[in-house]
Amino acid sequence: MNLDIRLRSEIQKAVTALFNQQVEQLQIQPTNQEFEGSHTLVCFPLTKISKKGPEETAKLVGEYLVAHSGLVARYNVVKGFLNLVISDQVWVNVFRSIYSDKNFGTLELNGKEIMVEYSSPNTNKPLHLGHLRNNFLGYSVAEIYQALGYKVHKVQIINDRGIHICKSMAAWQLFGKGETPESTNLKGDKLVGKYYVEFDKNYKIQIKELIEKGVSEADAEKQAPIMKLAIDLLLKWESKDSDTVKLWRTMNGWVYKGFESTYHRMGVDFEKLYYESDTYLLGKEEVLRGVESGVFFKKEDGSVWVDLTSDGLDQKVLLRSDGTSVYMTQDIGTAILRFRDFPKIEGQVYTVGNEQEYHFKVLFLILKKLGYAWAEKCYHLSYGMVDLPSGKMKSREGTVVDADDLMQEMADEAEKQTRELGKIEEATEQQIKELSEMIGLGALKFFLLKVDPKKRMLFDPNESIQLQGHTGPFIQYAHARIRAIIRKADSMEIRPGKEFDQVKSLEPAERQVIMLINSYINKLTEASRTYSPAVIANFAFDLAKEYNQFYQSIPIFNESDQAKLKFRIAFSQVVADVLQKSMRLLGIKVPERM
RNA sequence: GGUCCGGUAGCUCAACUGGAUAGAGCAUCAGAUUUCUAAUCUGACGGUUCGGGGUUCGAUUCCCUGCCGGAUCACCA
């Protein structure tokens, strides 16, 4: 059984025996580094039932535990804090059970299912730095839930319809001269993005010309020929004009193909893609149904609204007066469709930037009003913007960092540094490329994931590319070094068994590491509860750091005691495994050597 | 203006949801290696946790108030 649970029940027994009263809530926390011990019982809350001062209470509980529990070797009391020292024998047992558990860190399937949505880009702009945070976050949260025994469905919604798509189409028709990704050797998303920019450029010029001719600004925005063309395309698309639909299909196809290669490099994937062009009609139906049942209401001009003023929000439009759907309508449809597709999911996680917090608050409320119980289990995984040292990222000012470019730069830099260090002389070119990719992306992912998602963060390209410090490559390096030890042990035919009874005592660094690994499942749970991969990222960093201290202070192969030597090999093996597992939850691979 | 989120060391971030003398990384300075991979480790320096009140044994955390930054409040998505 888990040490923490055992200890908790032992303390409960002690309290009951000593004070003749049961306590449900025991406050147990990790002991501060400066004191001896691993678990600390906070005794202030117990004074009520013990009728004694905090220190006296702590002392009584401590003495009882040493005498009766078999887990606690010693204790010390500082103010009202009871610090418990677990015996090394117990720690070795904890280690052994982790070592012999092949599936450590992965819980058995619990029969629950959830859905995680992430990415969901616009189809007219290539992916950028913000999308990287989005994708890495969503993917990681999905992995974390999976490790906890959930069946996870990874999906995204593709915003494939609307005026913005038609803008790219219009510009391509006017200036494209039949260009294709093949003819230009451009990624499909980049090509379409180029025409989206082209549209904007020409649109502005045309507006300016009209204004110079004396047209008002508002009219100029409507009369600009290129905008008229885009609107015309939208109307044709909605009436299913075959040429327009064909062009729409073709250009979206280019984008999807481009995105696909970006996703592949990011290392993320999706079980199913949803398209707004497939869901907006369902949303519309649902809204009309809501009008009939009185959940929504219709205004004189025919537009449909929901009144959320009693919930402290505003009124919100759901269908325009011309009957067409808005963003919210589509999201209602999408949500319902997903629960139809996957009836067993108990909830949905939407990975979307925090500028849409209001939108999701409204969406969940509407779904609840429509009578969907699962609305309670929908969660908006909201994350902050990624800033650059130069300031805000703005596409208009050209300060956007393109996702493909950034990943390439990271890999290039990693390769440069790897070659400079020259530790991989016998590696093939192919292996160097793979390693650079692993390190470069590891650096990028770790940097973006180590920060609490809800916080706005600063991405400093120069700093992120440093491979030392609180970074992914630091952890990757720790892993690679351990693997070198394992290889050496293997070649020396030192093979640890599963019994470590002869290991009677532990070095402080060893104990620290076992304590950390013992907390892994707790960390996983915390990460899932808070939807924060940062918890895992920081855990992995702490573990690597703690192990490095052991590595530095204890030369493994100098050990003459065979039992200890074998233990330390096994110990190192477990650290490498846990590093690998926790990094995998972040979507980061760890190398055998680097 | 209303609502929501944030403000912690020079910089980038933690702090197990109310616990002990608020911790890491970077930067700066001082050390350790003829190695199990130094892409490492040890130490020093660095704090009015935005200000002011309150709640209590105890507050970065909860409440009130003010300040600063951001987001949002569209028949845009």
Side-chain angles (χ1 to χ4, degrees), chain A residues 27-35 40 42-45 47 53-54 78-81 83 122 159 161-164 276 299 301-305 312-314 316-328 330-331 353-359 361-362 382 384-385 387 389 392 417-418 420-421 423-424 439 447 450-452 454-460 463-464 466-471 473-474 476-478 480-489 519 522-523 525-526 529-530 534-535 537-538 541-542 544-545 548-558 568-569 572 593-594:
Chain A
Q27 239 192 94
I28 301 168
Q29 62 191 40
T31 304
N32 275 15
Q33 288 281 352
E34 59 200 295
F35 303 114
T40 293
V42 184
C43 292
F44 300 98
T47 54
V78 182
K79 296 181 191 169
F81 298 92
N83 300 322
N122 278 335
N159 181 9
R161 61 173 285 278
I163 185 73
H164 52 286
E276 280 183 358
K299 286 195 178 172
D301 62 3
S303 57
V304 175
W305 294 74
L313 303 172
D314 297 318
K316 187 92 189 166
V317 70
L318 298 176
L319 285 178
R320 297 192 188 97
S321 50
D322 63 4
T324 56
S325 59
V326 293
Y327 180 41
M328 188 62 76
Q330 299 164 8
D331 271 7
N354 63 7
E355 68 275 8
Q356 295 201 35
E357 267 167 15
Y358 185 76
H359 172 79
K361 207 183 268 180
V362 172
S382 164
M385 191 181 284
D387 284 320
K392 277 179 91 167
Q417 303 203 33
T418 302
E420 274 169 12
L421 276 158
K423 289 191 181 182
I424 33 130
I439 295 171
F447 199 91
K450 72 178 179 181
V451 181
D452 182 350
K454 70 170 177 283
K455 284 193 175 177
R456 185 172 185 146
M457 68 173 290
L458 183 76
F459 177 76
D460 184 337
E463 192 185 321
S464 80
Q466 300 303 317
L467 305 182
Q468 294 163 32
H470 191 189
T471 68
F474 172 86
Q476 290 173 319
Y477 180 65
R481 272 201 320 199
I482 298 175
R483 293 301 305 159
I485 290 173
I486 305 299
R487 280 194 300 274
K488 180 169 174 181
S519 73
N522 286 343
K523 296 285 179 189
T525 312
E526 191 193 334
R529 197 184 70 235
T530 57
V535 174
N538 289 324
F541 177 70
D542 288 343
K545 216 161 91 80
N548 281 349
Q549 281 178 35
F550 160 83
Y551 178 92
Q552 203 75 22
S553 57
I554 300 166
I556 295 176
F557 291 102
N558 287 1
R568 284 177 184 158
I569 299 297
S572 300
R593 50 193 101 209
M594 70 187 273

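Per chain, numbering begins at 1; letters A, B, ... match sequence-line order. All heavy atoms count here, side chains included; hydrogens, waters and symmetry mates do not. No experiment lies behind these values; they were computed from the predicted model shown.
Pair check for B:G1 finds B:C73; Watson-Crick or G-U wobble, both atom distances under 3.5 Å. In this structure, B:C36 makes no Watson-Crick or G-U wobble pair, since no nucleotide meets both defining distances under 3.5 angstrom. Within the shown strands, B:C29 is the pairing partner of B:G43 under the Watson-Crick or G-U definition, both distances less than 3.5 Å. Nucleotide B:U56 forms a pair with no other nucleotide shown, judged by Watson-Crick or G-U wobble geometry with both contacts under 3.5 Å. Taking a pair to require two hydrogen-bonding distances under 3.5 Å in either a Watson-Crick or a G-U wobble arrangement, B:A20 remains unpaired.
Look at the P atom in both B:G54 and B:G47: the space between them is 26 Å, to the nearest Å. Comparing the P positions of B:A24 and B:C62 gives a spacing of 24 Å, expressed to the nearest Å. Nucleotides B:U28 and B:C68 are separated by 35 Å at their P atoms, to the nearest Å. Comparing the same atom, P, in B:G1 and in B:U61 gives a spacing of 26 Å after rounding to whole Å. Separation of the P atoms belonging to B:U8 and B:A14 is 11 Å when rounded to the nearest angstrom. Of the P atoms belonging to B:U60 and B:G25, the separation is 23 Å, rounded to the nearest Å. B:A20 and B:A15 have their C1' atoms separated by 13 Å, with the value rounded to a whole Å. Between B:C29 and B:U17, the two P atoms lie 40 Å apart (nearest whole Å).
With hydrogens and angles ignored, a donor-acceptor pair under 3.5 angstrom links the side chain of A:Asn83 to the base of B:A20.
Partners of A:Ser553 under the side chain to side chain contact (heavy atoms under 4.5 Å, CB included) rule, at least two apart in sequence or in another chain, do not exist in this structure. In this structure, A:His164 has no ring-ring contact (aromatic ring centres under 6.0 Å, His included) partners at least two apart in sequence or on a different chain. Applying the side chain to side chain contact (heavy atoms under 4.5 Å, CB included) rule to A:Gln552 yields no partners; only residues at least two apart in sequence or on another chain are considered. Annotation: ring-ring contact (aromatic ring centres under 6.0 Å, His included) contacts of A:Phe550 (sequence neighbours excluded): A:Tyr547, A:Phe571. Applying the side chain to side chain contact (heavy atoms under 4.5 Å, CB included) test to A:Arg593 and every residue at least two apart in sequence or in another chain returns A:Arg487. Scored by the ring-ring contact (aromatic ring centres under 6.0 Å, His included) test, A:Tyr358 finds no partners at all (sequence neighbours excluded). Partners of A:Tyr477 according to the ring-ring contact (aromatic ring centres under 6.0 Å, His included) rule, which considers only residues two or more places apart in sequence or in another chain, do not exist here.
Out of B:A20, B:C36, B:A77, the shortest distance to the side chain of A:Lys488 is found at B:C36. When the nucleotides B:G25, B:A71, B:A14 are ranked by their closest atom to the side chain of A:Phe541, B:G25 comes out on top. Closest to the side chain of A:Asn32, from the set B:A77, B:U37, B:A20, is B:A20. Set against B:U37, B:G19, B:A77, the side chain of A:Phe44 has B:G19 as its closest nucleotide. You'll find that the side chain of A:Thr31 is closest to B:A20, out of B:A14, B:A20, B:C16. Counting only heavy atoms from C-beta on, A:Arg487 has its side chain closest to B:U37 among B:A20, B:A77, B:U37. Comparing atom distances between the A:Thr530 side chain and each of B:U72, B:A77, B:U17 picks out B:U17 as nearest.
Side-chain N or O atoms of A:Lys316 include none that pairs as donor or acceptor with a backbone N or O of A:Val362 at under 3.5 Å. A donor-acceptor pair under 3.5 Å is absent between the side-chain atoms of A:Ser519 and the main chain of A:Asn522, judged by distance alone.
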Identify each atom pair where a protein N or O and an N or O of nucleotides 3-9 of chain B are less than 3.5 Å apart, giving names and distance.
residue : atom : partner  : partner atom : Å
B:C4    : O2'  : A:Glu357 : OE1          : 3.4
B:G7    : OP1  : A:Lys455 : NZ           : 3.2

Strictly under 3.5 Å: I want the nitrogen or oxygen pairs between protein and nucleotides 40-44 of chain B, one per line.
residue : atom : partner  : partner atom : Å
B:U40   : O3'  : A:Asn548 : ND2          : 3.2
B:U40   : O2'  : A:Gln552 : OE1          : 3.0
B:U40   : O2   : A:Gln552 : NE2          : 3.3
B:C41   : OP1  : A:Asn548 : ND2          : 3.4
B:C41   : O4'  : A:Gln552 : OE1          : 3.3
B:U42   : OP1  : A:Gln549 : NE2          : 3.1

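Counting non-hydrogen atoms under 4.0 angstrom, A:Asp322 reaches nothing in the nucleic acid. Among the heavy atoms of the strands lying under 4.0 Å from A:Pro555 is at least one base atom, whether or not backbone atoms are also near. Contacts of A:Ser382 with the nucleic acid, taken as non-hydrogen atoms under 4.0 Å apart, are absent. If you check every strand for non-hydrogen atoms under 4.0 Å, A:Met594 touches a base. Residue contacts shown for A:Val326 are limited to sugar-phosphate atoms, with no base heavy atom under 4.0 Å away. Here A:Glu355 lies in heavy-atom contact (under 4.0 Å) with sugar-phosphate atoms only.
Atom pair A:Gln466:CD and B:C26:P shows a separation of 10 Å (rounding to whole Å applied). Atom CE of A:Met457 is separated from atom C1' of B:G70 by 16 Å (rounded to the nearest Å). Distance CG (A:Asn538) to C1' (B:U12): 12 Å, rounded to an integer number of Å. Distance A:Gln27 CD to B:A20 P: 11 Å, rounded to the nearest Å. Rounded to an integer number of Å, the gap from A:Asp387 CG to B:C13 C1' is 15 Å. Summarising the geometry, the separation between CG on A:Asn522 and P on B:C16 is reported as 14 Å, rounded to the nearest angstrom. The distance between atom CD of A:Glu34 and atom P of B:G23, rounded to the nearest whole Å, is 7 Å. Distance, A:Gln330 CD to B:A77 P: 7 Å, rounded to whole Å.
Between the side chains of A:Asn548 and A:Arg481, at least one donor-acceptor pair of N or O atoms lies under 3.5 Å.
The nearest heavy atom of RNA chain B to A:Gln417 and to A:Ser321 marks one nucleotide each, and the one closer to the 5' end goes with A:Gln417. Nearest-nucleotide assignment on RNA chain B puts the 5′-proximal partner with A:Lys450, out of A:Lys450 and A:Asn558.
A syn base is found at B:U17: its glycosidic angle is within 90° of 0.
Taking the centre and axis of the six-membered ring of A:Phe557, the NZ or CZ atom of A:Lys488 falls inside the cone set by 45° and 6.0 Å.
Note that CD of A:Gln549 is 10.5 Å distant from CD1 of A:Ile554, once rounded to the nearest 0.5 Å.
An aromatic stacking contact links A:Phe35 with the base of B:A20, defined here by ring centres under 5.5 Å apart and ring planes under 30° from parallel. Where stacking is scored as ring centres under 5.5 Å apart with planes under 30°, A:Phe81 registers as stacked on the base of B:A20.
Using the six-membered ring where Trp is involved, A:Phe44 and A:Phe81 have ring planes that are perpendicular, over 60° apart on the 30 and 60° scheme.
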